Amino acid sequence: MWKWGNEEMVYFNFVVCTANGFNVSYHRMSTCSEQTVIKVTGPSGTITQSSTTFSWTESNFNGTIVKYEYRKDGASWTNHGLNTSYTWSGYSEGPHSFEVRAQDDKGAYSESVKWNFTFSASESQLIVLKSDYSVETLDPNNWLSSYEIEIISNLYDNLIMYDGESLTDFLPMLSTEVPSVDNGLIGQDGAVYTFQIRQGVKFHSGNELTPEDVKYSFERSLLAGETYANWLLVHALSGGRFSALDDWFRDYSGMMMSEALNPSGVPVSASAREKLIGFYENVIGKIIEIDGWDVTFNIGQSFAPFLSIIVHFSPAGAIIDSKWAKSNGAWDGEADGWWRWYSESAVSPLVSAEGGSGPYKLEAWNQQEDGIALESFEDYWRGKPSIDRVIINSESDHNRRKAELEEGFADIVDLNLSTALELQAEGKCKVEIYPVTAVHEIMFNWEINDSSPYIGSGKLDENGIPPDFFSDLHIRKAFSYAHDGVAFIDSDSVVWER
């Protein structure tokens with residue numbers, strides 16, 4: 001119970017823990033008719049942001065507010081008009097205060113409301129809790145899940161990146177331009193792409209990026225074996241002609257990789273060895289050419305998805321520090337012996353370490369507890385990230401993740417949508433909903449079992465369909481034309497909760 005003049009007022013205060021400290025909301029119940037300013041948002045405790053916003057509202061005024069005034073650190077009051085928020089930037093390290101008061105049309109002032117906080121420019125940290133976080137490898141060639149893509153995309157940069165949320169527009173990254181027909185960097189009807197490599201970029205090792213790193217990265221990924229990243233890149237760099245290195249090698253040599261290598265990954269004969277060496281020298285090694293700081297990809301024929309396959313967030317196009325990789329036991333870049341890494345008889349050092357140039361570098365990885373820590377890269381070519389350290393941990397208990405967020409021990413957590421929206425309504429968190437990409441297929445069976453109950457009579461007689469109904473290209477096209485893909489994407493059928 002508080003007194004203001006002759007009026008008695010009851011206040012209920014709620015303390016909400018957030019990433020920036022503690023926000024305190026005051027809810028007043030009284031018959032007081034005098035002016036009251038109420039805090040809405042603002043910092044408290046120790047914060048690491050160099051800019052913060054204060055907002056407020058009024059309640060139960062006996063008259064009209066003509067202006068708000070604020071003051072910083074006890075200095076003179078400043079007229080703020082009828083604005084109900086203020087962003088303060090550039091304050092020094094140490095304790096600070098911010099006050100607001102209102103004046104009505106009779107000249108009377110309310111009591112001021114005051115925020116107290118301390119600014120510390122020391123290390124900022126982001127703690128993320130995932131529901132089922134499992135990272136098995138950091139190698140861009142061998143990723144298995146979206147969690148690994150998330151880490152790899154922060155450790156490594158690619159030649160190009162997406163322009164905001166667009167999935168069709170690109171921006172330069174480690175290249176200085178995005179190849180196009182208009183700028184002359186796409187030639188021969190889409191069979192040749194040239195990238196001008198950015199100079200002065202540093203890897204986490206301190207080595208500087210060179211065009212040779214680009215060539216090595218793509219060739220290593222091509223020769224790395226039958227991984228998801230491998231078949232994507234094989235598809236792209238063969239101009240869509242092949243989707244497996246084995247098929248590409250057979251097209252060149254007339255034999256399968258399994259026929260050229262024994263179970264230990266050793267060539268079965270001198271002839272097989274020569275074919276393996278020749279495959280690199282005459283095929284793989286000639287796809288990418290270097291001329292000064294220009295790197296040219298000769299993919300053989302036009303292939304429209306090429307840029308979408310190598311763009312950032314696709315580990316297949318991640319650029320690796322070749323000097324670091326070679327010195328730590330990765331493929332040595334030579335034609336003779338490349339198959340040792342294809343057959344996995346040589347262990348990749350990039351499984352548990354990294355050789356990237358991205359905004360973050362690996363600080364620690366607890367593989368037993370599924371926890372990983374990333375540290376900002378001081379020499380990142382786009383500038384040091386504003387968040388110094390990111391810690392990602394796994395917590396399978398939904399209620400525990402919720403409690404960690406509410407208590408301020410985690411900044412970002414996986415919650416089901418209904419719980420997240422409830423917390424947001426209570427002012428305890430902010431829910432961000434982003435678009436996601438997903439692939440949905442309709443599969444046609446060309447040879448349905450004659451006994452299947454789904455084909456009815458088994459004849460095209462209005463009572464069924466024949467078993468080979470979908471082997472007809474025109475039937476499949478008819479279904480494709482009849483399917484409204486845009487309406488399907490916009491429908492609730494592709495919305496799910498995490």
Side-chain angles (χ1 to χ4, degrees), residues 1-125 386-387 405-408 411 423-430:
M1 184 80 71
W2 288 7
K3 276 190 174 288
W4 186 1
N6 295 320
E7 296 286 342
E8 289 188 337
M9 294 157 286
V10 178
Y11 280 78
F12 298 92
N13 64 306
F14 300 86
V15 181
V16 178
C17 189
T18 70
N20 294 331
F22 294 90
N23 287 339
V24 182
S25 297
Y26 294 90
H27 296 266
R28 172 174 175 253
M29 297 176 62
S30 80
T31 58
C32 177
S33 61
E34 303 214 24
Q35 46 268 65
T36 305
V37 177
I38 301 173
K39 295 180 183 179
V40 176
T41 63
S44 65
T46 299
I47 65 172
T48 57
Q49 293 80 9
S50 59
S51 177
T52 191
T53 298
F54 307 82
S55 64
W56 56 89
T57 187
E58 52 81 17
S59 176
N60 295 329
F61 269 75
N62 183 20
T64 302
I65 294 178
V66 295
K67 68 176 180 179
Y68 292 102
E69 294 181 347
Y70 69 83
R71 67 178 178 182
K72 306 173 186 176
D73 295 333
S76 300
W77 290 98
T78 300
N79 187 345
H80 198 48
L82 294 176
N83 298 304
T84 56
S85 67
Y86 178 83
T87 299
W88 187 0
S89 302
Y91 32 72
S92 60
E93 281 203 77
H96 295 280
S97 65
F98 183 81
E99 295 175 82
V100 174
R101 66 182 184 181
Q103 184 183 38
D104 66 13
D105 53 0
K106 298 178 181 179
Y109 281 99
S110 69
E111 289 190 8
S112 65
V113 292
K114 188 175 184 179
W115 290 260
N116 291 298
F117 66 98
T118 300
F119 171 58
S120 173
S122 60
E123 179 181 86
S124 59
Q125 182 169 279
S386 58
I387 298 175
L405 178 68
E406 291 182 293
E407 295 167 13
D411 302 295
L423 291 177
Q424 179 173 252
E426 296 170 10
K428 294 180 178 179
C429 74
K430 180 179 180 182

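Owing to the predicted nature of the structure, the values given are computational and were not obtained by experimental measurement. Any value given below was found using the heavy atoms of this structure, including those in side chains, with hydrogens, waters and symmetry copies removed.
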### Message
Using side-chain heavy atoms (C-beta onward) and a distance below 4.5 Å, is T118 in contact with P95?
### Response
yes
### Nearest heavy atoms of F119 and H96, plus distance in Å
CB-CD2, 4.4 Å
### Summary
Between S124 and S386 the two heavy atoms that sit nearest each other are OG-O, 3.1 Å
### Message
Students often mix this up, so state it plainly: with edges at 30° and 60°, are the rings of F117 and F54 parallel, tilted or perpendicular?
### Response
tilted
### side-chain contact (heavy atoms from CB on, under 4.5 Å) between N116 and S97, intermediate numbers included
CA-CA 5 Å; N116 291 298; S97 65; 3.5 Å; yes
#### Entry: Within-4.5 Å side-chain heavy-atom neighbours: T84 and Y68
yes
### Message
For L423 versus E406, what's the shortest heavy-atom pair and its separation?
### Response
CD2-OE2, 3.5 Å
### Query
Within the distance-only criterion (no hydrogens, no angle test), does the side chain of S55 pair as donor or acceptor with the backbone N or O of T41 below 3.5 angstrom?
yes
## Note on the structure
Correct closest heavy-atom pair for V100 and Y70 would be CG2-CB, 4.2 Å
#### Entry: F98 ring center near Y86 ring center (under 6.0 Å)
yes
### Which atom of P43 lies closest to which atom of W115, heavy atoms considered
O-CD1, 3.6 Å
### Task
Would you check, one step at a time, whether the test side-chain hydrogen bond (donor to acceptor under 3.5 Å, both in side chains) holds for T87 with T53?
CA-CA 4 Å; T87 299; T53 298; 2.8 Å; yes
### Task
Show the numbers, then the answer: is there a salt bridge (Lys or Arg N to Asp or Glu O under 4.0 Å) between E69 and K67?
CA-CA 7 Å; E69 294 181 347; K67 68 176 180 179; 2.7 Å; yes
### Point-to-point distance, once rounded to the nearest 0.5 Å, from OG1 of T64 to NZ of K106
9.5 Å
### Summary
Between D411 and L405 the two heavy atoms that sit nearest each other are O-CD1, 4.0 Å
